[in-house]
Amino acid sequence: PAAPRLAGRHILVTAGPTHEPIDPVRYLANRSSGRQGFAIAESLARLGARVTLVAGPVALPTPPGVDRIDVETAREMAAAVVAALPADAAVMVAAVADWHVAAAPQKMKKGDALPVLTLAENPDILAGVARGADRPRLVVGFAAETERVVEHAVAKRLRKQADWIVANDVSGDVMGGAANAVHLITADGVETWDRLPKAVVADRLAERIADALSGAA
Ligand code: C5P
């Protein structure tokens, strides 16, 4: 039988939210479930890739054949991603927190004055990978938008120096849900896919990645 399409390839995937501690018992987070990223990791592994999945805190089983590294914060995710390179492709699906908190070393107590959270910017993992010396041949980012989805995603592709952006409209029930409606934005233009189960989006994207790495697209 022919070798699977992604045999011999290493693909890095990030997925899930990050948690940014406020104090030892509290954190900032977002509604990402990790489902789309885990589905992509599974599809890529099924096509024969060696997949490193850097996962934020999610309640999902590790897909068969995938090497999983669990992290909590954006800064931990950035370090795990750098450590996992080189890769033939990187698919950055994680909903990385834009900010971390100047965290209190002890649990904050209720008192007279309301606490004020001081935020600091997190590293942009996707932009760092796309500009780095170890840049994978194919860098794919995601864009979760609630308005002017394609316009924002086209701008994001250029700003982050990604090859492709998968844009989804998260104004409805996409985050945490089972289906996704995406646009694939490449240097050649914009493709709008039907609303599909996340597993089907994952399989289609994995096939496209296999095409790109084999030079067919
Ligand atoms: O800028 P924005 O968060 O909308 O970009 C989304 C894309 O960038 C996703 O691919 C996400 O995984 C990635 N990203 C990242 N590190 C960040 C912020 C976003 O890798 N700090």
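Whatever order the structure lists them in is the order used to number ligands and atoms, beginning at 1.
Residue Ala95 places no N or O, backbone or side chain, under 3.5 Å from any N or O of ligand 1. Polar contact with ligand 1: absent for Arg159 (N/O pair, distance under 3.5 Å).
The nearest heavy-atom contact from the protein to atom 13 (C) of ligand 1 is Leu126 CB, 3.7 Å. From the protein, the heavy atom lying nearest to atom 4 (O) of ligand 1 is Lys156 NZ, 2.3 Å. Nearest protein neighbour of atom 6 (C) of ligand 1, counting heavy atoms only, is Phe142 O, 3.0 Å.
Residues forming a side chain to side chain contact (heavy atoms under 4.5 Å, CB included) with Ala104 (at least two apart in sequence, or on another chain): Asp23, Met108.
For atom 17 (C) of ligand 1, the nearest non-hydrogen atom from the set Thr14, Asp98, Val81, Val96 belongs to Val96. When Ile165, Thr18, Val140, Ile125 are checked for heavy-atom proximity to atom 16 (N) of ligand 1, Ile125 turns out nearest.
A single hydrophobic cluster is seen to contain both Leu213 and Trp164, as judged by linkage of ILVMFWY side chains at heavy-atom distances under 4.5 Å, directly or through other members.
Taking both residues in full, the closest heavy atoms of Ala74 and Glu20 are given as N-OE2, 2.9 Å, listed atom of the first, atom of the second, then distance.
One finds no salt bridge joining Lys198 and Glu42 here, because no Lys/Arg side-chain nitrogen approaches an Asp/Glu carboxylate oxygen to under 4.0 Å. Under 4.0 Å is where a charged nitrogen must lie from a carboxylate oxygen, and between Arg157 and Asp163 no such pair does.
Under a 4.0 angstrom heavy-atom cut-off, Lys160 registers as being in contact with ligand 1.
Under 4.0 angstrom from ligand 1, there are no non-hydrogen atoms of Asn122.
Using a 4.0 Å cut-off to heavy atoms of Gly141, the atoms of ligand 1 that qualify are 10 (O). Within ligand 1, counting atoms from 1 as listed, the ones closer than 4.0 Å to a heavy atom of Met92 are 9 (C), 10 (O), 11 (C), 12 (O). Of all atoms in ligand 1, listed by their number and element, those nearer than 4.0 Å to a heavy atom of Ala94 are 11 (C), 12 (O). Close approach to Pro123 involves these atoms of ligand 1, each under 4.0 Å from a residue heavy atom: 16 (N), 17 (C), 21 (N).
In this structure, the side chains of Pro136 and Val129 come closer than 4.5 Å at one or more pairs of heavy atoms. The shortest distance between side-chain heavy atoms of His19 and Glu76 does not fall below 4.5 Å.
Residues near Val116 contribute nothing to a hydrophobic cluster around it, because no ILVMFWY side-chain heavy atom sits closer than 4.5 Å to its side chain.
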Evaluate side chain to side chain donor-acceptor pair (under 3.5 Å) for Asp67 paired with Thr52, printing each intermediate quantity in order. CA-CA 5 Å; Asp67 295 324; Thr52 302; 4.8 Å; no
